[in-house]
Amino acid sequence: MSNQAEFYHELLGQTKALINDESDIIANMANISALLFERLADVNWVGFYRLIDDELVLGPFQGKVACIRIPVGKGVCGTCSFTGEVQRISDVHQFDGHIACDASSNAELVVPVKIAGKVIAILDIDSTVFDRFNLEDEQGIVSIVQAFEQNITAMDNA
């Protein structure tokens with residue numbers, strides 16, 4: 001296991017410990033954001049946007065003031081919510097329709113949060129470093145989001 005894989009394995013364990021017995025989605029989003037912001041190197045913003053009607057609405061986050069509403073299909077976050085696919089962008093300035101909430105952000109990783117196959121939110125991570133996120137980062141963050149999705153589903157069924 002590589003150092004990066006070990007790091008994400010540890011981070012996944014910490015995430016599960018934080019959210020395991022908590023049913024409040026907003027509280028869990030807040031703690032996941034705080035954990036990732038604290039532990040990930042070279043990130044300047046970590047947070048969730050919740051899908052409400054046809055807009056992404058700002059949820060719990062760590063970092064500078066952010067865009068409050070993002071239309072589905074617009075920018076990196078809106079594209080993720082529309083396609084339901086991870087967006088790993090090495091240079092956001094080359095992304096057609098990029099929405100610059102913070103002009104100092106240069107790279108972005110956005111992962112959809114899905115329940116029963118439907119996107120309910122997205123997790124957005126920004127960095128000032130170009131090409132900050134690699135495949136191992138993507139896989140590690142996806143595993144954290146999957147643990148969050150399982151928590152939501154388990155709490156809904158409790």
Side-chain angles (χ1 to χ4, degrees), residues 1-22 24-51 56-70 74-114 119-152:
M1 194 182 303
S2 75
N3 284 345
Q4 198 173 12
E6 289 173 22
F7 169 76
Y8 279 109
H9 180 73
E10 179 183 314
L11 204 54
L12 176 60
Q14 291 172 331
T15 301
K16 288 179 177 179
L18 280 173
I19 68 174
N20 188 37
D21 293 324
E22 180 52 59
D24 189 279
I25 292 173
I26 301 298
N28 286 336
M29 287 178 171
N31 266 338
I32 292 168
S33 298
L35 177 66
L36 295 177
F37 191 74
E38 180 182 310
R39 296 291 316 278
L40 294 174
D42 299 318
V43 299
N44 61 322
W45 200 91
V46 177
F48 288 88
Y49 279 90
R50 299 169 302 127
L51 186 59
L56 290 171
V57 180
L58 183 64
F61 72 94
Q62 298 283 311
K64 291 182 179 180
V65 170
C67 299
I68 295 174
R69 295 179 183 273
I70 298 173
K74 302 292 185 190
V76 180
C77 292
T79 297
C80 177
S81 67
F82 181 74
T83 64
E85 296 174 1
V86 172
Q87 301 294 306
R88 180 166 41 101
I89 310 300
S90 59
D91 180 356
V92 295
H93 308 290
Q94 301 302 312
F95 189 91
D96 189 35
H98 170 65
I99 300 168
C101 296
D102 180 352
S104 66
S105 292
N106 292 313
E108 195 165 0
L109 177 62
V110 185
V111 177
V113 178
K114 298 179 184 178
V119 175
I120 64 157
I122 57 98
L123 172 61
D124 181 22
I125 306 174
D126 294 356
S127 176
T128 58
V129 178
F130 288 100
D131 204 23
R132 160 60 182 86
F133 305 104
N134 61 28
L135 183 58
E136 281 188 285
D137 291 304
E138 179 180 329
Q139 292 168 338
I141 297 300
V142 165
S143 70
I144 288 167
V145 167
Q146 288 171 340
F148 180 44
E149 292 167 342
Q150 290 166 359
N151 170 268
I152 295 167

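All residue numbers refer to positions in the sequence shown, counting from 1.
The distance from the CD atom of Gln94 to the CZ atom of Phe130 is 8.5 Å, given to the nearest 0.5 Å. Between the SG atom of Cys77 and the CD1 atom of Ile122 there is a distance of 3.5 Å, given to the nearest 0.5 Å. Taken from CD1 in Ile89 to SG in Cys80, the straight-line distance is 9.5 Å, to the nearest 0.5 Å. Note: Glu22 CD to Ile19 CD1 = 10.0 Å, rounded to the nearest 0.5 Å. With rounding to the nearest 0.5 angstrom, the CD1 atom of Ile120 is 12.0 Å from the NZ atom of Lys114.
Looking only at atom types and distance, the side chain of Asn134 has a donor-acceptor partner in the side chain of Gln4 under 3.5 Å away.
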side-chain contact (heavy atoms from CB on, under 4.5 Å) between Leu58 and Ile70, worked out: CA-CA 8 Å; Leu58 183 64; Ile70 298 173; over 6 Å; no
Step-by-step side-chain contact (heavy atoms from CB on, under 4.5 Å) determination, Leu40 to Phe7: CA-CA 10 Å; Leu40 294 174; Phe7 169 76; 3.7 Å; yes
Candidate pair Ile25 and Phe148, rule side-chain contact (heavy atoms from CB on, under 4.5 Å), full reasoning: CA-CA 9 Å; Ile25 292 173; Phe148 180 44; 3.8 Å; yes
Pair Met29-Ile32, side-chain contact (heavy atoms from CB on, under 4.5 Å): steps then yes or no: CA-CA 5 Å; Met29 287 178 171; Ile32 292 168; 5.9 Å; no
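Not counting sequence neighbours, Tyr8 has no partner by the ring-ring contact (aromatic ring centres under 6.0 Å, His included) test.
Residue pairs meeting the salt bridge (charged side-chain N to carboxylate O under 4.0 Å, His left out) criterion with at least one partner in residues 26-47, sequence neighbours excluded, are Glu10-Arg39. Screening residues 131-143 for salt bridge (charged side-chain N to carboxylate O under 4.0 Å, His left out) gives Arg88-Glu138, Arg132-Asp137 as the qualifying pairs, with residues at least two apart or on separate chains.
Each of Leu35, Leu36, Val111 was scored for a side-chain contact (heavy atoms from CB on, under 4.5 Å) with Ile144, with one residue passing: Leu36. Checked options Trp45, Phe133, Phe37; the residue passing with Ile125 is Phe133 (criterion: side-chain contact (heavy atoms from CB on, under 4.5 Å)).
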